[in-house]
Every structure is written in C-alpha cells, then in structure tokens.
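Chain naming here is simple, since letters A, B, ... match the order of the sequence lines and numbering starts at 1 in each.
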2 protein chains.
Amino acid sequence: MDIMTNGTWLNDQESQAWKYLVGLLFRLPPVLEGQLQREEDLSFADYMVMAMLSENTNEGVRMTDIGGLVKMAQPRLTRIVTKLEKLGFVTRTNSPEDRRVVIAQITPQGLSKLEQAAPGHVDHVRRTVFDHLTPQQVENLLEIGQALLDSGDPELSMQSHCANSPVAP
Amino acid sequence: MDIMTNGTWLNDQESQAWKYLVGLLFRLPPVLEGQLQREEDLSFADYMVMAMLSENTNEGVRMTDIGGLVKMAQPRLTRIVTKLEKLGFVTRTNSPEDRRVVIAQITPQGLSKLEQAAPGHVDHVRRTVFDHLTPQQVENLLEIGQALLDSGDPELSMQSHCANSPVAP
DNA sequence: TAGAAATGGTTGAACTGTCAAGTAGCGCAT
DNA sequence: ATGCGCTACTTGACAGTTCAACCATTTCTA
C-alpha cells in the first residue's frame, strides 16, 4: 500500500516533501483568493496580471509575455484580460507591427485599483507566508522556485500545452 | 510602479521568492492535472484522495480527516468522493457511533486503478519536480512546507473557511 | 510568389472549485 | 426533556479553468 510514499519511486524525504508541496498547492491559492475576493472583488490571478502590467506602465505588454511572466496559459489569460478590460482596468490594442499581437496596458483606474488593493494583499501574504519563514528559508524557497521554473523544462516553463514531442525537434 | 516588488512591504529577496512561488502555484497544478487526465482520466485531487485512502485500507477515513490530510476544503471533498463513489472506486458509510460522520473507504477497484495510475504519475512528478532538485533542496522544501502548513495558522491549517476574527479569541 | 507551416490569440463546451446556505445529528444547559 | 448551539457533511448557484478547435496573420520554403 502506501502507493506514493515509498517503494522505488520516491524516497522518504522526497515523498514527505511532496506531501507538503501538494498541501501548499491545494491550500495557498484559495487562501490568497479569499482575501482579495472579499476585500477587493478581484481574483488572485487578476491581481497578479495587473501587478505585472503595473511594472510596464508605458509600453504595455504582449499577451504571451504576460503569460510567460505570470506563468499562465493563454486561454486563461485571454479571459482575465477580457474581464479586466470590461472593468476598465486594462486596455488592449493590436500591435501595428504584428497584427496578430495584442498589447495589454493598465489604465489609471486599474493602477489606482491596484494601489488600493495592494496593502491589504501584501499584508495578507506576509502574514500567511513570510511571517512563518526565516530569511534562510526565503532564500531556499527562491532557489527551489528557480530550479523548477527556470529549468527549461517545457512543461513548467510555459508552452506546456503544445510541447508533446518526447525527445524534442 | 512595481507595486509588489519593493517598498516597505516585501524586501527584494522576499518578493523574488514570492514571484517564483506564485509561478509554481499557477503552473504546477495544471501540469500535474494534465498527465493524470490524459492517461488515467483522473484529476490530481482524485488521485491524492485515493492515495490517502489507500494508506488506510482497513478502517476507512472520515471525510474531515481526509480534508485535513490532503488540505482540501469540505465541499470540494464531498464532490470528489461523490464522483469516486459513482466510479466504484470508493464507498461511503455513515459511522454508527456518530451518524453525522461519513467514512470513506477505497474499494479493490479503486486500489487497482490507483496502482495502475501510480507509476506514470510518480514518474511524471519525478521528472517535473525532483529531477530538478538536489537532496539539500528537497530537504529545504520539506522544511518550508512544514513551516507554513504546521504553523498553526488557521488559514493554512484548514478550518480557514470559518475563521474570521481578526485578532482571535 | 504561391502554398504550407507556424505563431498569436480567441472561443465553445465541459468540468471543477468556491461561497453561502441548508440539513441532520450530537451535547450541553437549564 | 426541550431548546440552543456546535459539528459533519451536502447542495445550489456562480465564477473560473482547461482542452480542443478555431481564425487571422506572419514566415518559411520551394
């Protein structure tokens, strides 16, 4: 029995780490979502997209680039930006250079919504996450995140939904 | 203006770590989901619940206890178990001692489904996660997971959905 | 300079998750 | 014992996500 905790597959350390990681994957998103939803009527993904856009106020950002930075799949992104546009927090324009490309840009209203939401959100993140971690652990977390997301693994580094060739080109 | 990456709220280290953690929260679940869905027609949550139940083949497990172990909210759990029951992978019985309590138990079919799914899934987890981490990083990950989930924080340790008192009793 | 393949983005259908409200059973106080 | 409150779980309504198929545009290739 104990299908996933021993055997030749994952050693003790790994399977324990796995359980905790899965716990975080299940628990953290609803918790983050909750605060923003209650207090600002924004989803966590909405917030992250706007935060991302707020770092490029002038130029705007291509859809795909948002996806790469926020690690979201395209359809999800489309719907989020559509929603944010309806709310007046974001504009979309077709790039003149490449007319397939859509460029999203945050509006003043979006920016002020974000500025209004940020303190509460960051506070919540601090209390939920960083208050429980030592600086060393924060550094370790950063390192682990890099190891996984910057590994070049096609599944994790985005494009996942179309990369299926087992051995590559 | 870099709403979430500097200022008095999160220092550089923290906000970088935060970005990577968020990346994992967005990316990992779809990736894990995908493999199981394609190859076994199971959701990741389905799999975790069954894996959990497979560790207590004899007695069965109370709904709430599953939630505590797999870190899932109750409504989600109810629907998953309902689905698994329809598929014949799980049975539910009302506890005779306390008739509010529902006890879920994995069936032989559920067990064999799990055993069939496990190799591919574990393989995928290994390739996606553990192949990119050193043993030291795995240990660090475990420690971070513990720090967050076992912190006693009501939001993270479940019950989150009813704890709203800002300062506590 | 066609035509084929690839890229960027959107959309429809099905599913899953969340919140809030609801039912049922237990337990303690009067 | 009757009523109040708590616990365990379920359900309805809604919003969000995913996969797959789609259209439009660009780029490669012959």
Assess whether side chain to side chain contact (heavy atoms under 4.5 Å, CB included) is satisfied between B:Val22 and A:Phe44, documenting all intermediate values.
CA-CA 10 Å; B:Val22 170; A:Phe44 180 54; 3.7 Å; yes
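- Closest to the side chain of A:Arg76, from the set C:dA20, C:dG8, D:dT17, is D:dT17.
- For the pair A:Lys71 NZ and D:dT18 C1', the interatomic distance rounds to 19 Å; values are reported in whole Å.
- Atom P of nucleotide C:dA24 and atom CG of B:Asn94 are separated by 13 Å, given to the nearest angstrom.
- For the OP1/OP2 pair of D:dC19 and a distance below 4.0 Å, the side-chain nitrogens and oxygens of B:Arg38 include no atom meeting the criterion.
- Atom pair A:Arg99:CZ and C:dG8:C1' shows a separation of 13 Å (rounding to whole Å applied).
- If you check D:dT17, C:dG8, C:dT11 against the side chain of A:Pro75, the one that comes closest is C:dT11.
- The nearest whole Å value for the distance from the CG atom in A:Asp65 to the P atom in C:dT7 is 15 Å.
- For A:Asp41 and D:dC14, the CG to C1' distance is 13 Å, given to the nearest whole Å.
- Between the side chains of B:Glu39 and B:His121, no donor N or O sits under 3.5 Å from an acceptor N or O.
- Atom P of nucleotide C:dG27 and atom CG of B:Asp98 are separated by 7 Å, given to the nearest angstrom.
- Straight-line distance from the CG atom of A:Leu77 to the P atom of D:dT18: 11 Å, rounded to whole Å.
- Judged purely by distance below 3.5 Å, without hydrogens or angles, the side chains of B:Gln136 and B:Asn140 pair a donor atom with an acceptor atom.
- With hydrogens and angles ignored, the 3.5 Å screen pairs no side-chain donor or acceptor of B:Asp123 with any backbone N or O of B:Gly120.
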Taking it one step at a time, do A:Arg126 and B:Glu14 satisfy salt bridge (Lys or Arg N to Asp or Glu O under 4.0 Å)?
CA-CA 9 Å; A:Arg126 175 167 289 301; B:Glu14 286 170 334; 3.0 Å; yes
Interface polar pairs with nucleotides 13-15 of chain C, N/O, under 3.5 angstrom:
| residue | atom | partner | partner atom | Å |
| --- | --- | --- | --- | --- |
| C:dA13 | N6 | A:Arg79 | NH2 | 3.3 |

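- Rounded to the nearest 0.5 Å, atoms CG (A:Asn56) and CZ (A:Arg62) are 13.0 Å apart.
- Note that the CG atom of B:Leu111 and the CD atom of B:Gln116 stand 12.0 Å from one another [nearest 0.5 Å].
- For B:Met63 and B:Glu33, each mapped to the nucleotide of DNA chain D holding its nearest heavy atom, the one lying further toward the 5' end belongs to B:Met63.
- Where A:Thr78 and B:Asp46 each meet DNA chain C at their nearest nucleotide, the meeting point lying more 5' is that of A:Thr78.
- Taking 4.0 angstrom as the limit, A:Arg100 places none of its side-chain polar atoms (N or O) nearer than this to OP1 or OP2 of D:dC23.
- Following rounding to the nearest Å, A:Met48 (CE) and D:dT17 (C1') show an atom-to-atom distance of 18 Å.
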